[in-house]
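Here the structure comes first, spelled out in structure tokens, and everything after it is commentary.
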Number of protein chains: 2
Amino acid sequence: MARATATPSPGILPPDEHADLEDFVGYNLKRAYVIVDADFRRALGEDGLAPRVFSALSLIVHTPGITQSDLARRLGIERSGLVAIADELEARGFVMRKPVPGDRRVQALMPSAAGKAAYLEALETVRAHEASLLASLSSDEVETLVALLKKIRRIGE
Amino acid sequence: MARATATPSPGILPPDEHADLEDFVGYNLKRAYVIVDADFRRALGEDGLAPRVFSALSLIVHTPGITQSDLARRLGIERSGLVAIADELEARGFVMRKPVPGDRRVQALMPSAAGKAAYLEALETVRAHEASLLASLSSDEVETLVALLKKIRRIGE
DNA sequence: GATTGATTGTTTCAACGGTTAACAATATAG
DNA sequence: CTATATTGTTAACCGTTGAAACAATCAATC
């Protein structure tokens with residue numbers, strides 16, 4: 001732990017090195033994210049749903065008829081970025097773009113039966129893999145971790 | 001919050017919806033990471049150090065003479081990806097590639113005085129911004145968050 | 001009812017971060 | 001000496017994201 005005292009270079013390094021890279025939330029967040037993200041992709045396989053596609057499908061299944069703009073807002077991305085996601089979901093036959101009577105601009109995203117089934121299956125797979133990956137954490141730890149992450153999320157409006 | 005009961009579609013949705021998207025560690029990790037990452041870049045400005053460059057510089061300052069391969073391992077990326085980072089650091093005059101007597105393959109990464117100064121300044125900036133961003137979390141909460149994230153990091157070897 | 005201003009979905013373009021695969025130079029083990 | 005491994009590097013590629021523009025459509029205001 002003590003390394004500043006042995007530094008041969010001029011004393012530019014401050015005595016209070018309390019805020020190392022290892023102590024930054026951002027750095028640890030990134031490193032942890034990379035690990036969990038990789039596990040997710042491993043879980044859903046080579047040509048399975050990517051994380052963002054899974055997230056979109058989840059919201060569509062839970063909120064049938066949601067608009068692309070609304071979905072983008074909910075996911076925190078631009079609506080231009082959501083087009084490719086909706087395209088993929090539609091190409092897989094999991095989601096349909098249905099015109100809305102009142103407003104001819106929007107197209108409601110409706111999950112198909114196959115979409116719902118695929119979602120539930122992926123859900124179970126992801127859940128199992130995440131639980132297995134995080135086996136070294138107690139359920140209490142996971143709970144507080146999620147709570148703290150949600151607290152950070154709440155900062156971004 | 002009760003939405004399954006009002007779903008007009010056939011009862012494919014299971015009664016135990018405990019594992020929603022919002023409860024996944026991966027999803028919350030990603031969302032929180034995006035927020036903190038954006039704050040980091042905002043803090044260091046348009047043409048400031050990118051997170052990964054800052055991380056690399058930090059390790060070089062704390063471990064003068066570190067090898068590119070070692071640095072890549074420490075950062076959890078491929079050594080091919082580190083070339084661009086080292087290039088940028090060298091172009092900014094923050095780091096020098098110094099040949100090592102014993103082994104003519106490796107080049108030790110040495111921080112310049114400007115590099116050390118730039119690091120310390122960036123360090124302070126990032127620290128202040130992160131503290132301000134996470135003001136809604138107590139120092140205890142930040143501490144446990146970092147501890148939990150490190151626990152996840154430890155999973156990836 | 002015509003005009004102004006927003007909103008929606010979309011395309012195109014660029015940037016970034018990262019990986020893989022190859023390569024020459026060099027080092028190490030058998 | 002010969003095989004094997006490692007280092008730094010380049011080149012090509014992929015996934016994610018944002019920015020900017022656009023036509024179609026809606027809402028509000030005169």
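Reminder, nothing fancy here: chain letters follow the sequence lines and each chain counts from 1.
- Using a 4.5 Å cut-off between side-chain heavy atoms of Ile, Leu, Val, Met, Phe, Trp and Tyr, Val106(B) falls into a hydrophobic cluster with Val100(B).
- Between the CG atom of Asp39(B) and the CD1 atom of Ile35(B) there is a distance of 10.0 Å, given to the nearest 0.5 Å.
- Separating the CD atom in Gln68(A) from the CG atom in Leu75(A) is a distance of 11.5 Å, to the nearest 0.5 Å.
- The number of heavy atoms from other shown groups lying within 6.0 Å of NZ (Lys98(A)) does not exceed 12.
- Side chain of Ser112(A) to main chain of Gly115(A): a donor-acceptor pair is present (N/O by atom type, distance under 3.5 Å, no hydrogens or angles).
- Residues from residues 26-60 of chain A that place a heavy atom under 4.0 Å from any atom of DNA chain D, listed by number: Arg41(A), Ala50(A), Arg52(A).
- In this structure, CD of Glu78(A) is placed 16 Å from P of dT16(D), rounded to the nearest angstrom.
- In this view, Lys151(A) and Glu141(B) satisfy the salt bridge (Lys or Arg N to Asp or Glu O under 4.0 Å) rule, not counting sequence neighbours.
- In terms of modelled atom types and a separation under 3.5 Å, the side chain of Thr67(B) and the main chain of Ala108(B) share no donor-acceptor contact.
- Residues satisfying the salt bridge (Lys or Arg N to Asp or Glu O under 4.0 Å) criterion with Glu22(A), sequence neighbours excluded, are Arg153(B).
- Legend: residues meeting salt bridge (Lys or Arg N to Asp or Glu O under 4.0 Å) with Arg154(A), ordered by chain and number and at least two apart, are absent.
- Remark: Ser69(A), Arg73(A) in residues 69-77 of chain A come within less than 4.0 Å of DNA chain C through at least one heavy atom.
- Under the rule for a ring-ring contact (aromatic ring centres under 6.0 Å, His included), the partners of Phe54(B) that lie at least two apart in sequence or sit in another chain are Phe40(B), Tyr119(B).
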Per-pair distances, 0.1 Å, donor-acceptor, side chain in residues 78-89 of chain B, under 3.5 Å, sequence neighbours excluded:
unit_1, atom_1, unit_2, atom_2, d
Asp87(B), OD1, Arg97(B), NH1, 3.0
Asp87(B), OD1, Arg97(B), NH2, 2.9
Glu88(B), OE2, Arg92(B), NE, 3.1
Glu88(B), OE2, Arg92(B), NH2, 3.2

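- Legend: residues meeting side-chain contact (heavy atoms from CB on, under 4.5 Å) with Ala128(B), ordered by chain and number and at least two apart, are absent.
- With sequence neighbours excluded, the residues satisfying salt bridge (Lys or Arg N to Asp or Glu O under 4.0 Å) with Glu124(A) are Arg127(A).
- Residues from residues 94-111 of chain A with heavy atoms under 4.0 angstrom of DNA chain C, sorted by number: Arg97(A), Arg105(A), Val106(A), Gln107(A).
- Taking for each of Val83(A) and Ile85(B) the nucleotide of DNA chain C with the nearest heavy atom, the 5'-most of the two is the partner of Val83(A).
- Nucleotides of DNA chain C that come within less than 4.0 Å of any heavy atom of chain B span, from the 5' end to the 3' end, dG17(C) to dA27(C).
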